[in-house]
Every structure is written in structure tokens, then in C-alpha cells.
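All remarks here apply to the structure that follows.
Heavy-atom basis, side chains included; hydrogens, waters and symmetry copies ignored. Source: prediction; values computed, not measured.
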Amino acid sequence: MLIDHAAPADVSYTGEAGVCVALLCQLRSLRRGAGDFALFAHVAAPMLPEKEFFIRKAIGWVLREVSKKRPTLVRDFVLPHAKTASGITWREATKYLPAAMQRELEKARSGGRAPR
């Protein structure tokens, strides 16, 4: 797939801008409640530990927009990555989730301890 080539495992190959384009290219359709979330997840998941701010922000931004119409998709994506998602990705992704989902994710992120 073309998007796979825009988001290689070695981020330095395309640079930060290319990776952000790969992450954001489906934003319009995902925002409308359509789009291929599985493809976005395929590209975004390996980049969650990335240190580049704009990559972390782009992942969170897409997740935030998807959560407005399909919160379960976002919860299901974020839950297994609770400990590896950066703070900015986490805040953006969980911003508009229902309170019960936010509590569930905070519990997973904190290792089962009560959230602060």
C-alpha cells in the first residue's frame, strides 16, 4: 500500500513531515466517521514510542477526532498501548471519550492503581 511506504519503521527515512502526512492523510474521512481506521492503526501503532513531538501529536489528533464519532475504536486502540503512548498522544486521544472509557484507560495506564 502506498501509505505503508510513507511510514517506514525508520522514521528518519522520510522525515517527520512525511510521517505526519502518512498519519493525517485519512483525517478528513475518519473525522466523518468513515475511513480505514485499521490502516491508520497499522501505521500509528509502531510509532507510539516515537520521540518526535509532531508525530506524537498527529497520532493523538487523529485519535481525538475519531473518538468524537467512534469512541470504542479509539478505546480499543489505546488500551493495549496504555503504557507506551506519550503524554500528548494520550491527552489528545482520551480528551472526548466518555468518562467511563477515560476511567478504564487511566486504570490500565496506571497499572490498575486508582488514577490521580
- prompt: Taking only residues two or more places apart in sequence or in another chain, which ones pass ring pair (Phe, Tyr, Trp, His ring centres under 6.0 Å) with Tyr96?
  reply: none
field: Minimum-distance pair of heavy atoms, taken over all atoms of Val66 and Leu30
entry: CG2-CB, 3.8 Å
message: Please find the pair of heavy atoms, one from Ala44 and one from Ile59, that lie closest to each other, and give the distance.
response: O-CD1, 3.9 Å
message: Testing the basics here: between Trp90 and Ala85, what is the closest heavy-atom pair and its distance to 0.1 Å?
response: CE3-CB, 4.4 Å
- request: Could I get the full list of salt bridge (Lys or Arg N to Asp or Glu O under 4.0 Å) partners for Arg91, not counting sequence neighbours?
  value: none
field: Those residues that, when tested against Ser86, pass side-chain hydrogen bond (donor to acceptor under 3.5 Å, both in side chains) (two or more places apart)
entry: Arg56, Thr89
statement: Of all heavy-atom pairs linking Arg64 and Lys95, the shortest is CD-CD, 4.0 Å
task: With side chain to side chain contact (heavy atoms under 4.5 Å, CB included) as the test, would you mind laying out the steps for Arg109 and Leu105 before giving the verdict?
output: CA-CA 6 Å; Arg109 189 163 172 94; Leu105 291 171; over 6 Å; no
- prompt: Is there a donor-acceptor pair under 3.5 Å between the side chain of Gln26 and the backbone N or O of Phe37?
  reply: no
task: Could I get the full list of side-chain contact (heavy atoms from CB on, under 4.5 Å) partners for Pro98, not counting sequence neighbours?
output: Pro71, Met101
- request: Over all heavy atoms of both residues, which pair between Ala45 and Pro49 is shortest? Give the atoms and the distance, please.
  value: O-CD, 4.2 Å
field: By side-chain hydrogen bond (donor to acceptor under 3.5 Å, both in side chains) - contacts of Trp61 (at least two apart)
entry: none
task: With side chain to side chain contact (heavy atoms under 4.5 Å, CB included) as the test, would you mind laying out the steps for Leu63 and Phe40 before giving the verdict?
output: CA-CA 9 Å; Leu63 292 170; Phe40 167 78; 3.7 Å; yes
statement: d(Glu50 CD, Ile55 CD1) to nearest 0.5 Å is 4.0 Å
message: Show me the pairs that pass ring-ring contact (aromatic ring centres under 6.0 Å, His included) and involve residues 65-87, at least two apart or across chains.
response: Phe77-His81
query: For Lys68, what residues pass the side-chain hydrogen bond (donor to acceptor under 3.5 Å, both in side chains) criterion, not counting sequence neighbours?
result: Glu65
Residues in side-chain hydrogen bond (donor to acceptor under 3.5 Å, both in side chains) contact with Ser67, at least two apart in sequence or another chain: none
query: How far apart are the closest heavy atoms of Ala93 and Val74, and which atoms are they?
result: O-CG1, 3.6 Å
statement: The salt bridge (Lys or Arg N to Asp or Glu O under 4.0 Å) partners of Arg75 (sequence neighbours excluded) come to Glu104
